[in-house]
Amino acid sequence: MIGKDKLIETLINVQKNSKGHYISEDKLEEISKELGVSLSKVHGVASFYSMLSTKERGEYVVQICNSGPCYIQGANNIATIFEEELGIKMGEVTEDKKFSLEFTSCIGACDIAPAVKINNEVYGGLNKEKIRELVEMLRKEGN
Amino acid sequence: MVNLISRACGKISPLSIKEYKNNGGFKGLEKALFNMTPKEVIDEVTKSSLRGRGGAAFPTGLKWKFVAMEEKDEKYIICNADEGEPGTFKDKILLDGCPFQVIEGMIIGAYAIGATKGYIYIRGEYPKSKEILVKALNILREEGILGNNIIGQNFSFDIEVRSGAGAYVCGEETALIESIEGNPGRSRFKPPYPPNKGLWGKPTLVNNVETLANIPIIMELGADEYKNYGTDSSAGTKLISVSGSVVNKGVYEIEFGTSLKEIIYDVCGGIEENKKIKFVQLGGSSGACLPEELLDTKLDFDELSKLNIGLGSGAILVVDDSICIPDFVKNTTKFFDHESCGKCTPCREGNRHIIKILNKFTEGEATERDLELIKEISNVMKEASLCGLGQAAPTALITTIKYFKEEYEDHINGSCEVGKCKMKKGVAANA
Ligand SMILES: Cc1cc2nc3c(=O)[nH]c(=O)nc-3n(C[C@H](O)[C@H](O)[C@H](O)COP(=O)(O)O)c2cc1C
Ligand code: FES
């Protein structure tokens, strides 16, 4: 019981410390052994929660909110702009593994909609210009 | 606007015990622990008429009594900080602005119901708020306000913070409990309810962040003075999260009895330039969509229940006339489809089929029969879903069919007033 109830916290931490923001097959097995929880259970939990990924993502995970308040402020447009700027489609990772694109449910930034979350930072009031600047900044920041 | 529950938010440095105390902090806790029995605390909360701020508006005192009545050595109190309802960002203001107040509410609650251990379940999307909470708990332990013999009394209690990992359904109390236990967050069959059998099968009290933040204030002021705020049927204040096409979006504290119109025009500075209001969605994505004619409606539990709607989390989304109703509802339903835990059939299948049919509306291929079908599916979901997620998912659909039926009819006839939908039947947009 002690092991099992730490499972989600462990998965979050492992993902946080991986450059590609994901939990690899090896790690899943390791966690299963470490906590004494069956591998299928570890898989089950990892795949249930949207924040956890078993697929490699970018160094910067761009999560575009598409819940009601962001949707009415043009979240779909925001997605298209990011797709163009990064040259990938939603759900994909850039070749240099720097960025990945996905949708997310509301991140509590509805007052600055349309909003995105990139790793731990939230950015709002987005438009084409701002997105360009943001991507530019992150390209320089991470290498 | 008032400053009762949020009085310290933004005014004090969130992790300064001294500043919190200077703003009335821990007066409620001292009163409860020094001068009152657990039963007296519960009676005071009951007398205050406080109702849960997490969405279901259940009377807080009564819930506390249920847990207190259970004769078990081990009981738990959980602070629900999952805040996943789209359009809701008010718990974050309390968690970041005055974490001690939320924790003080939890300690008082634990004393009242006889819990020795508490959890704060915070959504994974708020990593910074989580850090603040962990720091706040450490400070309180050092100060002797948490842990063994709290403020020198014969009462011990500690709190652990747990993260969610991106699942709206985990805000539902039994799914939340599953998640703390390390499982996928799928709602449990009820009964048993958490006050009888909750975390690890033990009696468990689950309260929302804002509900708990009310407790120290009620203790400090006393129920009678607290009830000076609000209306006869709805005591106190409510934190509302306003988003959409208003000038000043944000979180505001208002007294119960304030109307939607007052909120939009007096508190939020009205509608953005060149826009016209179409409807207001009250209570987040699971809430009702109300037309402009109903903006005089007051936020008051009795008045809202007359309209057969709820206050939910207190989210207010103001939508202007550039938005197409079937398209908006399709987006809302996609949210529920994505967030459904998949355990019960009405919710798992219902959302999927509603999206399919709404696609026909936005593509100009819908018929009268489709309108009947989505009505039927909505009813099944509302009546037969296992938890509140599936039961509330079709609320936007049901209320827009009620108040904006002509817009669905227009789509059946091949026109989208807003010009958002590409009508395959060949009638031009705005025709
Ligand atoms: C799908 C769903 C999501 C919910 N999300 C939340 C939430 O994020 N925060 C919350 O406090 N309550 C949420 N609730 C309500 C909880 O189940 C529960 O009623 C509440 O935490 C009780 O606290 P209260 O009595 O203080 O309001 C949700 C309910 C459902 C059905
Ligand atoms: S809806 Fe996008 S942040 Fe809330």
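Reminder, nothing fancy here: chain letters follow the sequence lines and each chain counts from 1. Since the model is a prediction, treat every value here as computed from it, not as a measurement.
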Exercise. A:Q73, A:M51, A:Q15: which one forms the most heavy-atom pairs within less than 4.5 Å of chain B?
Worked result: A:M51
For this session: Considering non-hydrogen atoms only, spot the tightest contact between B:A167 and A:Y49 and give its length.
Result: CB-CD2, 3.8 Å
For this session: Would you mind telling me which of B:A396, B:S285, B:G124 has the largest number of heavy-atom pairs within less than 4.5 Å of chain A?
Result: B:G124
For this session: Would you sort out whether B:V169 and A:F48 count as a side-chain contact (heavy atoms from CB on, under 4.5 Å), showing the intermediate values?
Result: CA-CA 11 Å; B:V169 69; A:F48 180 84; 4.0 Å; yes
Problem set entry | Contacting region of B:C341 [heavy-atom separation from chain A under 4.5 Å] | both
For this session: Could you tell me which portion of A:I8 (side chain, backbone, both or neither) has an atom closer than 4.5 angstrom to a non-hydrogen atom of chain B?
Result: side chain
Exercise. B:K90, B:E339, B:E85, B:R162: which one forms the most heavy-atom pairs within less than 4.5 Å of chain A?
Worked result: B:R162
Exercise. For A:I107, is it the side chain, the backbone, both or neither that has a heavy atom under 4.5 Å from a heavy atom of chain B?
Worked result: both
Exercise. Contact part of B:N183 toward chain A, heavy-atom cut-off under 4.5 Å: side chain, backbone, both or neither?
Worked result: both
For this session: Count the heavy atoms of every other residue, nucleotide or ligand shown that sit under 6.0 Å from NZ of A:K27, and state whether that count exceeds 12.
Result: no
Exercise. Where on B:Q281 is there a heavy atom nearer than 4.5 Å to chain A: the side chain, the backbone, both, or neither?
Worked result: neither
Exercise. In terms of heavy-atom pairs under 4.5 Å, which option from A:P69, A:A75, A:A109 contacts chain B the most?
Worked result: A:P69
Exercise. Under a 4.5 Å cut-off applied to non-hydrogen side-chain atoms, are A:V45 and B:P184 in contact?
Worked result: yes
Exercise. Is the closest side-chain heavy-atom distance between A:C106 and B:Y168 below 4.5 Å?
Worked result: no
Problem set entry | Closest non-hydrogen atom pair between A:Y71 and B:F328, with its separation | CE2-CA, 4.5 Å
For this session: Heavy-atom distances under 4.5 Å only: say whether B:E178 touches chain A with side chain, backbone, both or neither.
Result: neither
Exercise. How close do A:C110 and B:T88 get, heavy atom to heavy atom, and via which atoms?
Worked result: SG-N, 4.2 Å
Exercise. Heavy-atom distance under 4.5 Å to chain A: side chain of B:D327, backbone, both or neither?
Worked result: both
Exercise. B:N331, B:D320, B:N248, B:L317: which one forms the most heavy-atom pairs within less than 4.5 Å of chain A?
Worked result: B:N331
Exercise. With only heavy atoms counted, which part of B:I180 is less than 4.5 Å from chain A, the side chain, the backbone, both or neither?
Worked result: backbone
Problem set entry | Enclosure of B:E272 CD (heavy-atom neighbours >12, cutoff 6.0 Å) | yes
Exercise. For B:S163, is it the side chain, the backbone, both, or neither that has a heavy atom closer than 4.5 Å to a heavy atom of chain A?
Worked result: both
For this session: Considering non-hydrogen atoms only, spot the tightest contact between A:I72 and B:I323 and give its length.
Result: CB-CD1, 3.8 Å
For this session: Give me the one residue out of B:K334, B:E125, B:H338 that meets side chain to side chain contact (heavy atoms under 4.5 Å, CB included) with A:S105.
Result: B:H338
Exercise. Is the NZ atom of B:K130 crowded by more than 12 outside heavy atoms at less than 6.0 Å?
Worked result: yes
Exercise. Side chain, backbone, both or neither: which part of B:R123 has an atom under 4.5 Å from a heavy atom of chain A?
Worked result: side chain
For this session: Under 4.5 Å heavy-atom distance to chain A, tell me which part of B:K128 shows up: side chain, backbone, both or neither.
Result: side chain
Exercise. With only heavy atoms counted, which part of B:P127 is less than 4.5 Å from chain A, the side chain, the backbone, both or neither?
Worked result: side chain
For this session: Apply salt bridge (charged side-chain N to carboxylate O under 4.0 Å, His left out) to B:E181 and A:K41, showing your working.
Result: CA-CA 13 Å; B:E181 291 182 2; A:K41 170 97 200 182; over 6 Å; no
Exercise. Quick one: what part of B:S179 sits under 4.5 Å from any heavy atom of chain A, side chain, backbone, both or neither?
Worked result: both
Seminar exercise, completed: With chain A, the option among B:G284, B:C170, B:A165 that has the most non-hydrogen atom pairs under 4.5 Å is B:A165
